[in-house]
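Structure record follows, encoded as structure tokens.
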Amino acid sequence: MTALPDEMTGDLAAHFDETLGRGRRIEPRDWMPDAYRATMIRQIAQHAHSEIIGMQPEGNWITRAPSLRRKAILIAKVQDEAGHGMYLYSAAETLGADRADLTDKLLRGRQKYSSIFNYPTLTYADVGVIGWLVDGAAICNQVPLCRSSYGPYSRAMVRICKEESFHQRQGYELLLTMMRGTAGQRAMVQDATNRFWWPSLMMFGPPDDQSPNTAQSMAWGIKRHTNDELRQRFVDMTVPQAGKLGVTLPDPGLTWNAERRHYDFGAVDWDEFMAVVKGNGPCNAQRVARRQAAHDEGAWVREAASAHAAKRGGSGGSSPPEPALQAARKDAA
Amino acid sequence: MAENQVRSGWPLYEVFLRGKRGLNHVHVGSLHAADPEMALHHARDLYTRRNEGVSIWVVAATDITASSPDEKDPFFAPSGDKVYRHPTFYEIPDDVPHM
């Protein structure tokens with residue numbers, strides 16, 4: 001974008017602020033401050049990467065699903081995650097981001113994805129608990145984003161939220177079924193709950209007093225509630241669900257506070273959170289390596305499709321597949 | 001723009017869906033594909049996993065010519081001062097039936 005004289009930028013900025021002030025959406029070809037664009041790209045890309053990497057922990061169990069019914073459900077769910085990633089990359093592209101470049105940044109560790117996906121899935125109960133807690137937390141985070149000030153992102157979030165509801169319900173139903181099963185199955189559900197409870201609380205991000213960008217993001221309408229507000233909402237929603245299920249949430253400090261009319265809960269281990277964000281979680285390296293392998297193993301499909309399109313006179317064959325990724329691989333080798 | 005296309009490999013297609021018979025096609029998003037036929041298949045997989053459409057259009061993004069989205073754009077000025085194009089402009093006595 002070429003630089004404009006100050007007085008013109010001033011007019012445009014005033015129009016941008018006025019649009020936000022009236023609760024209207026910013027659309028792709030509107031003028032927007034560079035920082036808004038950069039923040040939006042970072043937020044949408046991180047969200048897209050989370051959906052794509054998020055296919056792995058559950059995809060791990062597709063071949064070992066306990067029944068054809070569960071297998072069909074799990075495949076549909078993982079396919080949805082891929083779809084959500086695609087909606088979001090598409091939204092990021094409306095801001096001038098390039099899809100191959102975003103994938104490249106993910107593989108190089110220059111853009112993040114949600115830390116929750118760096119934890120392993122040890123039993124089939126984890127599939128249920130991910131649906132219940134992880135997707136439950138995601139819904140808490142995402143419902144307000146349906147009102148994000150950036151139009152393409154908010155529209156993608158509307159589609160995603162509709163589909164996430166199935167994700168959470170299939171998980172809870174799976175857990176209810178296991179809780180009606182053997183003592184061993186009930187123990188698996190409890191164990192999975194123990195392992196995923198705290199990482200789920202971390203999904204809302206650091207506490208408000210350590211989240212320096214929150215104020216600007218709220219002013220821009222790209223964040224509607226603070227991290228701590230959403231975390232509290234999630235705890236309040238989840239405690240009765242745990243009771244109904246018959247599992248214990250692994251927090252001795254979890255008690256109803258009649259004065260606040262909210263549940264009090266114990267301190268989150270933010271050192272663990274920071275360690276996982278910095279790449280030292282149980283599965284960080286494995287997740288990125290798997291993403292790279294999936295891309296490499298799909299190369300022949302992309303090449304074949306390009307060749308087919310070229311033969312039929314399409315435009316697909318004229319350019320090589322994702323040069324940015326090839327560069328990334330050369331660097332890694 | 002040109003550089004983006006090279007880096008992404010495949011061109012960008014905009015996707016329009018007809019939700020059911022009797023409705024217009026509506027823009028739902030975009031995707032990359034090697035050719036229009038592949039774009040249609042991808043659009044089906046990506047945007048109609050739950051019976052959201054009975055018909056799909058895909059259009060190469062480069063083939064779309066767009067106006068500026070800015071509301072203050074003088075492009076739309078010709079309709080701004082023609083209130084007489086609206087039925088509410090005309091005052092008709094209350095006791096005239098069927099109008």
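Values in this document were obtained by computation on a predicted structure and should not be read as measured data.
Taking 4.5 Å as the heavy-atom cut-off, the residues of residues 37-47 of chain B that approach chain A are E37(B), M38(B), L46(B), Y47(B), ordered by number.
For the pair M86(A) and L31(B), the minimum side-chain heavy-atom distance is 4.5 Å or more. Considering only heavy atoms from C-beta on, V28(B) stays 4.5 Å or farther from R155(A) through its side chain.
Heavy atoms only, all atoms of each residue included: A34(B) and A309(A) are closest at O-CB, 3.5 Å.
Here the CZ-CD distance, from R49(B) to Q79(A), works out to 6.0 Å after rounding to the nearest 0.5 Å.
Proximity to chain B is absent for every atom of F16(A), based on heavy atoms less than 4.5 angstrom apart.
One finds a salt bridge joining D80(A) and R50(B) here, because a Lys/Arg side-chain nitrogen approaches an Asp/Glu carboxylate oxygen to under 4.0 Å.
If you tally non-hydrogen atom pairs under 4.5 Å between each of A60(B), G29(B), A66(B) and chain A, the highest count goes to A66(B).
Other residues, nucleotides and ligands contribute more than 12 heavy atoms inside 6.0 Å of the CG atom of D81(B).
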